[in-house]
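One structure is given below, encoded as structure tokens.
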Number of protein chains: 2
Amino acid sequence: MGEQTGPGRSHVTLRDVARRAGVSLATASRVLNGTAQVRADLRERVLAVAAELAYAPNAHAQALASSSSKAIGVICHDVSDPYFAAISRGVMRTAAEHDLLVMLASTFRDPDREIEYIAMLRAQRARAILLIGSGFEDRAWERAMAAELDPYMRAGGRVAVVSRHRSLRVDTVQPQNREGAAALARALLDLGHRDFAVLTGPRSLTTVADRLAGFTGALADAGLRPRVLEGGFTRDGGYAAAAELLRLDPRPTCVFAVTDVMAIGALTAFRDHGVDVPGEVSLAGFDDIPIVADLTPPLTTVALPLDEMGERAMRLALKEPRASRSRIERMAGRVILRASTAPPPGVPAPRVPAPRRAAAPDGTPPPAGSATAAR
Amino acid sequence: MGEQTGPGRSHVTLRDVARRAGVSLATASRVLNGTAQVRADLRERVLAVAAELAYAPNAHAQALASSSSKAIGVICHDVSDPYFAAISRGVMRTAAEHDLLVMLASTFRDPDREIEYIAMLRAQRARAILLIGSGFEDRAWERAMAAELDPYMRAGGRVAVVSRHRSLRVDTVQPQNREGAAALARALLDLGHRDFAVLTGPRSLTTVADRLAGFTGALADAGLRPRVLEGGFTRDGGYAAAAELLRLDPRPTCVFAVTDVMAIGALTAFRDHGVDVPGEVSLAGFDDIPIVADLTPPLTTVALPLDEMGERAMRLALKEPRASRSRIERMAGRVILRASTAPPPGVPAPRVPAPRRAAAPDGTPPPAGSATAAR
DNA sequence: CTGAAAGCGCTTACAG
DNA sequence: CTGAAAGCGCTTACAG
């Protein structure tokens, strides 16, 4: 502004405001930031001029001068994945409460891009970086991650992760995947199933590995072993794996897809192939993303408090770091039996089972009267 | 760094790198940015030192010195809304192609928060701001928006909107809501329906108003008038409106929910009340968010190229602005008939209708052999 | 090709 | 309470 510059490009600066208000830069700054007491008349004048000129402070200059930033970074695999979308809701809300701006990036599961984004966020001096979603079991990648994250943290940057590889020594919100999957397996055993299949994603994803291990572990306790079909970690992956499963002989009576998103694909595959759920095959997922209650049949799943997980991760990242070691918040899953699971063909509905251990993996009792089983 | 500072907080600066490499600041800068030719040995040295020190440039300093930024801002109502999620996918992909960082904010439909975010993005000197989702018909709000947006654009900031109020004179990606809804109405009339209801959100949202107008307009051409039920612009709003609708006597044979998200709620309401879709009532939505093909029954809807809309908005914002006036890209909707709609009870399935105008509103022919009707 | 220096737009001790 | 000045960490003409 100042000298009425040419076409666009020009910004009103603090200096413009100060000059026009007849005060020093320092005073103008103090008024606009409420940093210190300023005589009322000067205050008014500065405020009026700032409004008149539609002054917008330059956040870069502020960040540089004060070495602080209002931005936090969030890295996920895909914004449009409903699992992430639900978590991000909690993140966004909490960020807003703290007057923070969120920089959000989708990696589309490209490890290089992930590292690139971290570098960008580091350059932006983001106050915190949140990594959401399962990491890889990959040495080279771990090293590269550490090479970005370590200097960032050393310089005061905060990092928190949701459902991530444990190799990262950072504050973590960790769903109890093993326990949740095991509880689900037991609930399905209680329904009378004995022949299981699991639809998994790549086992190099820790989430996949943990859920698979929990499920098969609980089955092993009953002397059973599921057939395992691996597919892409997406809706289409679930569809494809389910279609393949239909060629098995004999068909399993119960299918566990390691995520709801995969289960959605599986459900549609079954429908497209005329397979009745749960009449011919029972189907269960994991996560309880909002949409699954609207499917027909509604999906049995292990509910995770997704919104809250996002909120907690954000809060962890905003809290003072613990000097010595990283914090970890474990989030229990809760088995929710819906209409997509039923006793296997030919088996009568179970009598109301004697309550054995009516508690979630973390010991929390299930809400009374809800359609949930938690053991 | 430099003098081995205390615990954290310290960043490696360009000066550290230059010093250690025995070159000037300018040379170090040139090497790291590839701005100019630098003697090979110096180049190597700078690069090696930068890597060794894990140097990360300060993006704020860069932005300040070069007055440019790699960040763009995106404002939506709710990241976790699948409609927005689908659009944002295109945005994120395109941003990544251009090596841009996306700052994403959810307003949760709070006008004040929207304006606040724009101010923040303006302060960040975001290269562009994208507004995604229907705006309000509200004078005061329009003025406040303009007060932020105008100075931003005058200073060279770019703005593009998706499906927004026309009062904003900015580049726009605009779905043809009217035409799409009208085409849908005609397709449903062709099925034999004569008694319609519309489930709408608040009519102050332009998207709602346009779709409602298009639908009722086409019905009026057939001498019909739908009953209109207003609810929240959400899944739960759709559920509630549908539940209310069930009390109507006689019940309509066909229901149009102005968005898929509302239609999802309606579908579940019908299921919960034991109403067969499409046996007793046909149901259609608008948008074709990915999940609706996985519902049972799959939802008839008007498909919008959501991903592409996000991409186009991003591209518009990145292109040189047109001197005189704003650009507008109209996106045609395509009617997709799925199993959630059928002839009304008692009416036989229509003979294969003579093709009348087998074209989408924009004149594009529907893909051959697809299960779509487009007129 | 390389370097010294000015400048980007703020904040914040430091004096008054 | 107010102002002059240094400094945040870069980029980029301008000389050499």
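Because only heavy atoms are used, hydrogens play no part in the values below, and waters and symmetry mates are left out as well, while side chains stay in. Numbered from 1 within each chain, the chains take letters A, B, ... in sequence-line order. Note that the structure is predicted; figures quoted are calculated from it, not measured.
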**Report entry** Residues that A/Arg93 engages under side-chain hydrogen bond (donor to acceptor under 3.5 Å, both in side chains), provided they are two or more places apart
**Finding:** A/Asp307, A/Glu311
Query raised in the report: Just how far, in rounded Å, is C1' of C/dT2 from CZ of B/Arg43?
Result: 15 Å
Requested in this report: Please name all residues satisfying side-chain contact (heavy atoms from CB on, under 4.5 Å) with A/Ala63, sequence neighbours left out, ordered by chain then number.
Outcome: B/His60
Requested in this report: For C/dA6 versus C/dT2, give the span between their P atoms, rounded off to a whole number of Å.
Outcome: 23 Å
Report summary line: Heavy-atom contacts, protein to nucleotides 7-16 of chain C, under 4.0 Å, summarised as B (base), S (sugar-phosphate only) or - (none) per nt, yield BBBBBBB---
Query raised in the report: Can B/Arg315 and B/Glu308 be counted as an ion pair, charged N to O under 4.0 angstrom?
Result: no
Report task. Go through the structure and list residues passing side-chain contact (heavy atoms from CB on, under 4.5 Å) with A/Asp112, not counting sequence neighbours. Result -> A/Asp110
Requested in this report: Decide, yes or no, whether a salt bridge links A/Glu114 with A/Arg164 under the criterion of side-chain N to carboxylate O below 4.0 Å.
Outcome: yes
Query raised in the report: Is the shortest distance from a Lys or Arg side-chain nitrogen in A/Glu116 or A/Arg113 to a carboxylate oxygen in the other one below 4.0 Å?
Result: no
Query - Secondary-structure notation, DNA chain D, from Watson-Crick and G-U pairs under 3.5 angstrom (| other strand) - result: |||.||||||||.|||
Query raised in the report: Is there a donor-acceptor contact under 3.5 Å from the side chain of A/Asn33 to the main chain of A/Thr35?
Result: no
Query - Same-atom distance (P) from D/dC1 to D/dA5, integer angstrom - result: 23 Å
Query raised in the report: Taking the side chain of A/Val38 as its heavy atoms from C-beta onward, which of D/dT2, C/dG3, C/dC1 lies nearest to it?
Result: D/dT2
Query raised in the report: Say you pick atom P in D/dA13 and the same atom in D/dG9; how far apart are they, in whole Å?
Result: 23 Å
Query raised in the report: Is any side-chain nitrogen or oxygen of B/Thr27 closer than 4.0 Å to OP1 or OP2 of C/dG3?
Result: yes
Report task. List in chain and number order the residues that pass side-chain contact (heavy atoms from CB on, under 4.5 Å) with B/Arg158, two or more places apart in sequence or in another chain; answer none if no residue qualifies. Result -> B/Ala128, B/Asp171, B/Pro321, B/Arg327
